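We name chains A, B, ... by the order of the sequence lines, and we start the count at 1 in each one. These figures come from a predicted structure and were not determined experimentally.
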Number of protein chains: 2
Amino acid sequence: MIMLNKLPEKTIERLSQYRRALLISLNNLKHHIYSHELAAMLHITPVQVRRDIMLIGYSGTLRHGYEIKELINLIGAIIDSEEGQKACVVGSGNLGKAIVSYFNGKRTKLTIVAAFDINPDKVNRVYAGVPCYHIDQMSKIIKSDNITMAIMTVPGSEAARVAESLVIVGIKGILNYTPTPVNVPDNVYLQEYDMITSLEKIAYFVKKNSQEF
Amino acid sequence: MIMLNKLPEKTIERLSQYRRALLISLNNLKHHIYSHELAAMLHITPVQVRRDIMLIGYSGTLRHGYEIKELINLIGAIIDSEEGQKACVVGSGNLGKAIVSYFNGKRTKLTIVAAFDINPDKVNRVYAGVPCYHIDQMSKIIKSDNITMAIMTVPGSEAARVAESLVIVGIKGILNYTPTPVNVPDNVYLQEYDMITSLEKIAYFVKKNSQEF
DNA sequence: ATAACACTGTTAATAAATTAACAAATAAAT
DNA sequence: ATTTATTTGTTAATTTATTAACAGTGTTAT
C-alpha cells in the first residue's frame, strides 16, 4: 500500500466508477474482466484503465485480465475508510429525497444516516429508511452520530447559512447541490455541483456539433 | 467572434458559472466586477478568470474591471444558441422533479418543456410548469416540439432502453443521471453524472485529510 | 516445438489545464 | 509632476491528465 497518497484526482473518480462497473459484472456471474471491457463500460480507453490499476498497485493475470472480487476489495481499501463514513442530507425536498433513495440499497461503507429540513410536514418522518429531523437539531445529531459529510440540497438562499453551521459543527466534507457557491475553510473538502452548468455545457456542444455540418 | 471554436472544455463550464455569478452581482446593483471578485465567487484564481475572458475575446477596463452586462451578453452569445434549445426530462421521480423545479424561474435560452414517465399517477399532470406525458408519447413529442436535449432520471434498469429511444428519435445531447452508463453514437453528446462517485470522492478526501494529522 | 495471438504493465510522448510572471495602463496620492 | 497602488492582458512555465508505443508473457493453434 505504498505511494497511494498521491493518486490523481481523476483516478479517484474512476476508481469509484470501476467499482460500480465491477459489481455489475459480478452480478452477471463474471469472475474476471479485461481492461477493454471495463473501458467500454465507462467510455474510456483500455490504457487508462490499465494505468489506473497500475497506480493502485494491482496486477491482473495475463490471460484472464483482472480478478473482479480482488479488484473490488482493493478499491474499497483505498477509497473507503474501514470504520465507514456517515453522511447527512440537508434539505429534504425532491433532490434530497432523490439522493436518499438513490443510496438506499447500494451497499457501501458510506451511509446516509440523517436528513434535515425546516418544514414541519417533513420532520420526524422516515424516507427510504432515513429519518428526517428539524434543522435545529442538526448540530446535535451530527455530533452524536459522528457524521462527517453533508450533502446540501437546500434552496440557494439558505446555502451560506447552512454551510457555515456545518463547518462550525465539524463536518469535514460538503457536497453542495445548491445553485449558490459557498465558502468553507481549507480543512473542509468542498465539491460544488450545479445542474445548470452541466446542461448548458451540453447545450453548447449540441449547438457546436450542429454547426459543423 | 474568431477562434471560439476551440475553447477548452473547462472554460465552457466556467463561462456558465461566470454568468450565474455575474447575474448575482447584477442583482446586487453592481455594474463592474474585478477578476479577483469573480474568482472568489467561484473558488478559483483571478488568473484563470482573466485567461478565460481573454479566450473569449473580451476586455475589461483597467480601473473598473469588467462591465457586467457586456460580459453576460458575450457569454450568452457563445454558449447559448439564438433560437434557444429545448430539453425534456425522462423520469418524473424525485430527481426529475427536482431538476424541473430547479430550472423553473432561471431565465435562460434553455428551457425544459416536457417530462415523461410511465406512472399513470404522474402523466397528464403539470409540475413546476412542465407537463408530464406518458413515455409512449416521447418520440412524438420530442419531434413535434423540436426538443434537442434529454435529461435521464429513470431507474438504472431502464437507462439503456431510454437512451436508445432518445437516440433514434434524434436527440442530440443527453445528460444521464442514472447510475448506469449508457452508449450512444458519436454524434450525440453524452454526459454521465453519478452522485455516488461524487460522494465517494469526497469521502476519500475526508479520510485522506484526517490521516494527515 | 514454435509461431501467432491477445493480453498486461510501464515508460515515454503528447495534450490539456493551470499557474506564474510581468509589461502596460491608469487612477489616486503625494 | 511623479510616485504608488491596482488591475488587466498575455506569454511562458509548470503541472496534471491522457494517449501512444511496445516489451513481456501466458495460451492456443499448428
Side-chain angles (χ1 to χ4, degrees), chain A residues 2-18 22 25 30-68 70-71 74-75 186 191-192 197 201 204-205 208, chain B residues 2-18 22 25 30-68 70-71 74-75 186 191-192 197 201 204-205 208:
Chain A
I2 307 149
M3 302 265 325
L4 297 186
N5 278 13
K6 41 189 69 153
L7 286 175
E9 191 163 332
K10 287 287 164 81
T11 295
I12 299 296
E13 284 177 27
R14 283 190 296 261
L15 288 178
S16 166
Q17 297 174 268
Y18 293 150
L22 290 168
S25 299
K30 289 192 62 166
H31 294 130
H32 294 85
I33 196 167
Y34 296 124
S35 62
H36 67 260
E37 294 175 299
L38 214 34
M41 292 174 86
L42 270 72
H43 312 304
I44 58 177
T45 65
V47 195
Q48 186 134 73
V49 173
R50 294 207 300 275
R51 208 172 188 296
D52 285 335
I53 290 178
M54 181 195 85
L55 289 176
I56 64 174
Y58 183 69
S59 283
T61 64
L62 209 35
R63 195 54 192 168
H64 302 106
Y66 304 102
E67 216 280 304
I68 295 183
E70 278 181 16
L71 190 46
L74 179 55
I75 291 175
D186 278 353
Q191 186 169 79
E192 315 249 13
T197 293
K201 184 176 161 191
Y204 172 80
F205 283 108
K208 189 149 159 294
Chain B
I2 308 154
M3 302 266 326
L4 297 187
N5 278 14
K6 40 191 67 156
L7 287 173
E9 190 163 331
K10 286 288 166 78
T11 296
I12 300 296
E13 283 177 26
R14 283 190 297 262
L15 287 178
S16 165
Q17 296 173 272
Y18 293 150
L22 290 168
S25 300
K30 290 193 61 166
H31 295 130
H32 295 84
I33 195 166
Y34 297 125
S35 62
H36 67 258
E37 293 176 298
L38 214 33
M41 292 174 87
L42 270 71
H43 311 121
I44 58 177
T45 66
V47 196
Q48 186 134 72
V49 173
R50 294 208 299 277
R51 209 171 188 296
D52 285 335
I53 290 178
M54 182 196 83
L55 288 176
I56 64 173
Y58 183 69
S59 284
T61 64
L62 210 36
R63 195 55 193 167
H64 300 107
Y66 305 102
E67 216 278 306
I68 294 181
E70 279 180 14
L71 189 46
L74 179 55
I75 291 176
D186 279 354
Q191 187 169 83
E192 314 249 15
T197 293
K201 183 176 161 188
Y204 172 81
F205 283 108
K208 190 150 158 291

**Q** What closest approach, in Å, do B:Leu15 and B:Ile75 show between heavy atoms, and which atom pair accounts for it?
**A**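 Looking at all heavy atoms of both residues, the closest pair is O-CG2, 3.6 Å.
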**Q** Identify which one of A:Leu38, A:Ile44, A:Ile53 satisfies the side-chain contact (heavy atoms from CB on, under 4.5 Å) criterion when paired with A:Arg14.
**A**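 Exactly one option meets the side-chain contact (heavy atoms from CB on, under 4.5 Å) with A:Arg14, and it is A:Ile44.
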**Q** What are the residues of residues 31-46 of chain A, sorted by number, that bring a heavy atom to within less than 4.0 Å of DNA chain D?
**A**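 Those residues are A:Thr45.
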**Q** Heavy atoms under 4.0 Å, any strand shown: does A:Thr11 hit a base, just sugar-phosphate, or nothing?
**A**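 Here A:Thr11 touches no strand at all.
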**Q** With B:His31, which residues qualify under ring-ring contact (aromatic ring centres under 6.0 Å, His included), at least two apart?
**A**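 With neighbours one apart ignored, the set is empty.
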**Q** Would you check if B:Tyr204 and A:Leu7 make a side-chain contact, meaning some heavy-atom pair closer than 4.5 Å?
**A**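 Heavy-atom side-chain distance check passes, below 4.5 Å.
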**Q** The helix from C:dA1-D:dT30 to C:dT30-D:dA1: angle between its terminal axes, five pairs each, to 10°?
**A**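 End-to-end axis angle: 10°.
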**Q** What heavy-atom pair brings A:Ile33 and A:Met41 nearest, and what distance separates the two atoms?
**A**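 Heavy atoms only, the tightest pair is CD1-SD, 4.3 Å.
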**Q** Closest heavy-atom contact between B:His32 and B:Lys30?
**A**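 Shortest heavy-atom separation between B:His32 and B:Lys30 comes out as O-CE, 3.2 Å.
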**Q** Verify side-chain contact (heavy atoms from CB on, under 4.5 Å) between A:Leu74 and A:Glu70, making sure each step is shown before the conclusion.
**A** CA-CA 6 Å; A:Leu74 179 55; A:Glu70 278 181 16; over 6 Å; no
**Q** Is there side-chain contact between B:Lys201 and A:Glu9, with heavy atoms separated by less than 4.5 Å?
**A**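 Yes. Closest side-chain heavy atoms under 4.5 Å.
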**Q** Spell out yes or no: do the side chain of B:Arg51 and the base of D:dT10 have one donor N/O and one acceptor N/O closer than 3.5 Å?
**A**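 No, the side chain and the base share no sub-3.5 Å donor-acceptor pair.
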**Q** Does some side-chain heavy atom of B:Tyr18 sit less than 4.5 Å from a side-chain heavy atom of B:Leu71?
**A**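 A side-chain contact is absent here, since even the closest heavy-atom pair is not under 4.5 Å.
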**Q** Closest to the A:Val47 side chain: D:dT10, D:dT8, D:dA21?
**A**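 Nearest nucleotide to the side chain: D:dA21.
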**Q** Closest approach of B:Thr197 and A:Gln17, non-hydrogen atoms and distance?
**A**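 Heavy atoms of B:Thr197 and A:Gln17 come nearest at OG1-CG, 3.5 Å.
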**Q** What integer distance in Å separates A:Asp52:CG from D:dT18:C1'?
**A**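 Nearest whole value for this atom pair: 10 Å.
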**Q** ring-ring contact (aromatic ring centres under 6.0 Å, His included) with A:His43: which residues, sequence neighbours excluded?
**A**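 Listed in chain order: nothing, the list is empty.
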**Q** Do A:Leu42 and A:Val49 make a side-chain contact, defined as non-hydrogen atoms from C-beta onward lying under 4.5 Å apart?
**A**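 Side-chain contact under 4.5 Å: no.
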**Q** Okay, side chain of B:Glu37, backbone of B:Tyr34: is any donor-acceptor separation there less than 3.5 Å?
**A**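 Between the backbone of B:Tyr34 and the side chain of B:Glu37 there is a qualifying donor-acceptor contact (under 3.5 Å).
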**Q** How does protein reach along nucleotides 22-30 of chain D, written 5' to 3' as B (base within reach of a heavy atom under 4.0 Å), S (only sugar-phosphate), or - (no contact)?
**A** --BBSS---
**Q** Quick one: how far along DNA chain C does chain A reach, first to last nucleotide 5' to 3', anything under 4.0 Å to a heavy atom?
**A**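 So the contact region on DNA chain C extends C:dA6 to C:dA12.
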